[in-house]
Amino acid sequence: MITHKKSIRHPRIVIIDLKTKQKSNIRHQPFDKVTIGEPLLNGGVFPYSTVSGIVKSIERKAQTLHITIENDRKDTVYSKLQNFNTKTMIERYHQTALTLESLYTKSPQNLIVMSYFFNEPFVSVYPGFILEHQTPISAALSFLKTTYGFKKIIVLVSEHVPSHIEEAIKDIDSDIQLKSVDLQNTPHHMTESINLYANQALYNAQPYNFLTIDSLIQMAEIIKHHRPPTLNYVVFSGDLVRQPSIIEARIGTPIIQLIDLIGGLYGTLHSSVIVNEILRQKQYPAHYESLDRQIKSLHFNQTFNVDVMDCIICGACNDHCPVGIIPSRIMRYTKHGQSTRFLAPFRCIECGLCSFSCPSKIPVLDSVKKAKMSHQKRWL
Amino acid sequence: MQSPGISTIESTLKKRMNMHITILGITVLSLLIALIINRMFFLRGIIHIGLGTVLVISIEWGYLWLKKQPVSFKQYELWVQPINTALLIALLTPVRATYTVLILAVVFTYLSKYIMQWLFQRQIINPIVLGLIGSQLLLGQRLNISETFLSLFEGQLSDFSYWQLLFGLYEGFSISSTVFIFLAFAAGYLIISKAIDSMIFTHTMVHLIVWTVLIALLTSLSFPVVFNMIWLGPAAFTLVFLIPDMPSTPEIKESRIIYAFLVVWVYVFFRIQFGLIPAAFFSLAISQLVMWITERFFTRTHKHYQKMIVAIMIVLYALIILRLLVA
């Protein structure tokens with residue numbers, strides 16, 4: 001049960017993985033000043049600094065170089081970003097940040113925003129989450145509507161939406177609707193819930209785009225502050241977590257600091273940790289020194305052990321897929337290097353139900369993502 | 001909101017173990033019945049099981065050794081699937097058949113399994129079925145297996161009783177394939193434990209029931225005779241253990257519905273044209289092959305398609321009824 005929501009917007013330091021081994025690529029030296037959005041490597045916008053402050057050190061950790069920046073808490077934005085308009089900013093900084101969005105047609109008419117889980121069917125999002133961010137999200141939705149020409153926007157939330165919130169959203173735009181989805185704990189219920197809207201959209205010839213709520217919140221940050229996303233939302237869950245929580249934190253915040261924020265763990269830090277997908281074991285902290293853009297959930301469990309077995313072609317992933325694609329076949333074709341375009345992997349909304357329902361504990365979503373990435377064009 | 005626990009999901013290992021327990025149970029019951037009927041059958045049954053298991057484990061061990069993979073006999077879970085294969089082959093081989101039939105069945109099973117895996121990256125047809133078909137086709141003339149089955153079957157049609165219907169109609173180790181009560185319990189357990197595909201099982205059973213009722217109502221044959229004709233022998237056994245067995249069945253719902261329909265229709269056609277054994281095994285092999293080919297044209301899945309397929313089937317049945325009524 002996730003009952004806590006915490007925030008750490010200004011950590012003392014941030015550690016950013018530069019994902020390179022070559023020191024010559026790095027634009028800064030220790031004691032240099034950096035600002036938010038300032039590229040840290042030559043030739044590209046990623047990775048960029050998520051705080052303004054002074055470079056403290058550049059160290060090799062887990063085979064790549066990591067830069068540690070001391071936060072001056074001033075949130076100064078990189079001066080060159082002032083020349084960009086908001087649309088360019090979104091397209092430049094949002095596209096590679098997350099890969100959740102699906103583009104069904106070249107000219108989508110409608111948008112569905114899903115808020116009830118972070119790409120993880122087993123980790124539910126705190127129900128009050130969207131409501132707390134109502135104002136910036138509304139602004140972002142209005143911006144998307146006017147800029148990209150969405151006719152209708154549906155935001156799915158995981159609990160009953162209070163009438164005053166619904167009216168407040170309607171006041172902004174009558175074409176933006178909040179719909180509550182009654183979720184239960186089984187994959188079938190989730191499939192059904194998503195089916196309500198996704199299948200309607202898919203099979204009634206109404207092209208839709210999909211966004212997840214965390215993705216939208218990052219977009220809201222770009223729109224509101226005119227700066228690249230600096231905040232991320234991560235879910236802490238599992239038996240070893242004292243206070244299962246959703247934490248809003250600055251990208252680059254050391255994971256140890258986040259663990260302290262949730263009151264520590266019952267076991268040791270090196271116990272079994274699953275990053276993002278519960279079905280895919282990843283050992284901590286070899287790779288994840290600090291909060292990465294891609295980390296959506298951390299599941300700590302001492303006893304949990306995943307034995308991945310061969311695919312038995314049971315079809316559970318296909319039965320549960322809310323958008324009606326065939327993940328098992330996409331996975332097989334991807335594995336053997338065959339084309340999957342005709343199986344439309346780009347329809348995947350990355351809900352993770354395929355991996356969750358797999359009895360062999362295969363990370364099916366990984367293969368679908370891989371196939372999707374190979375066909376995906378620019379979103380929006 | 002509470003997060004759903006991963007323990008609620010049935011794992012592949014659990015499924016295999018449940019299948020293993022069921023097959024073991026059926027084997028023990030079959031042996032007991034064989035012991036009551038004829039001690040020779042019991043002994044031959046034991047030899048069939050032993051020989052099959054040893055052969056299968058040897059082949060698996062040899063394959064792992066050739067691939068230079070570590071072999072451990074301590075982990076029983078790793079050997080559950082091969083033992084299941086051996087027991088299924090032993091249960092489906094008539095007790096009167098020579099050991100050559102069993103050995104060939106095992107060899108063909110593994111040959112077809114490895115070849116299919118190499119060529120298609122999956123088992124498009126159940127290798128056990130291919131193994132049994134292969135062994136019987138190769139030695140069919142010399143052993144007259146289908147004749148043996150047919151003679152047993154036909155000889156007991158005249159003195160039919162409901163008691164026999166429930167507990168089996170012909171002697172031998174393969175009696176398990178006819179004991180409907182045991183099979184019903186096995187099916188119930190496998191469906192609850194999700195070890196077999198309940199959708200395929202239910203659809204196949206419904207189609208079989210519909211065909212039984214149709215033939216009994218529209219022809220001069222009595223219901224028990226038609227029941228024997230349709231359900232006897234390996235038909236009921238394959239319905240529980242082979243038709244909904246996962247690795248060779250279609251992977252999406254629509255094709256699973258069509259598969260169940262196809263298996264029964266082909267089975268009924270073959271049953272009328274040929275005999276029991278060819279009908280059960282050939283229908284399964286043909287349906288799985290056809291479904292593997294046709295399934296490639298399904299690029300997505302949706303409830304509307306399922307409803308359409310069911311509607312088409314109902315129309316087909318209505319046409320059959322009309323045709324028979326007119327005739």
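In the text below, chain A, chain B and the rest are named by the order of the sequence lines, each starting its count at 1. Quick caveat, the model's predicted, so the values are computed rather than measured.
For A:K370, the NZ atom counts as loosely surrounded, since its 6.0 Å shell holds 12 or fewer non-hydrogen atoms of other residues, nucleotides or ligands. Around the CZ atom of B:F185, the shell of radius 6.0 Å holds no more than 12 heavy atoms that belong to other residues, nucleotides or ligands. The environment of A:F342 atom CZ is dense: over 12 non-hydrogen atoms of other residues, nucleotides or ligands sit within 6.0 angstrom.
Each of A:I326, A:I330, A:D310 has some count of heavy-atom pairs under 4.5 Å with chain B, and the biggest count is that of A:I326. For the options B:R296, B:R16, B:Q123, heavy-atom pairs under 4.5 Å to chain A are most numerous at B:R296.
Taken to the nearest 0.5 Å, the SG atom of A:C311 stands 11.0 Å off from the CE atom of B:M246. The structure places CZ of A:R332 at 5.0 Å from CZ of B:R122, a figure rounded to the nearest 0.5 Å. Summarising the geometry, atom OG1 belonging to B:T12 is positioned 4.0 Å from atom CD1 belonging to A:I312; distances are rounded to the nearest 0.5 Å. Taking CG of A:L343 as the reference point, atom OG1 of B:T299 lies at 6.5 Å (rounded to 0.5 Å).
Counting heavy atoms from C-beta outward, A:K335 and B:Q121 have side chains that stay 4.5 Å or more apart.
Between A:D319 and B:R256 there is a salt bridge, since a side-chain N of the basic residue sits under 4.0 Å from a carboxylate O of the acidic one.
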If you look only at distance, which donor and acceptor atoms sit under 3.5 Å apart when one is on a side chain in residues 55-64 of chain B and the other is two or more places apart or in another chain?
residue	atom	partner	partner atom	Å
B:S58	OG	B:V54	O	2.5
B:E60	OE2	B:Y110	OH	3.0

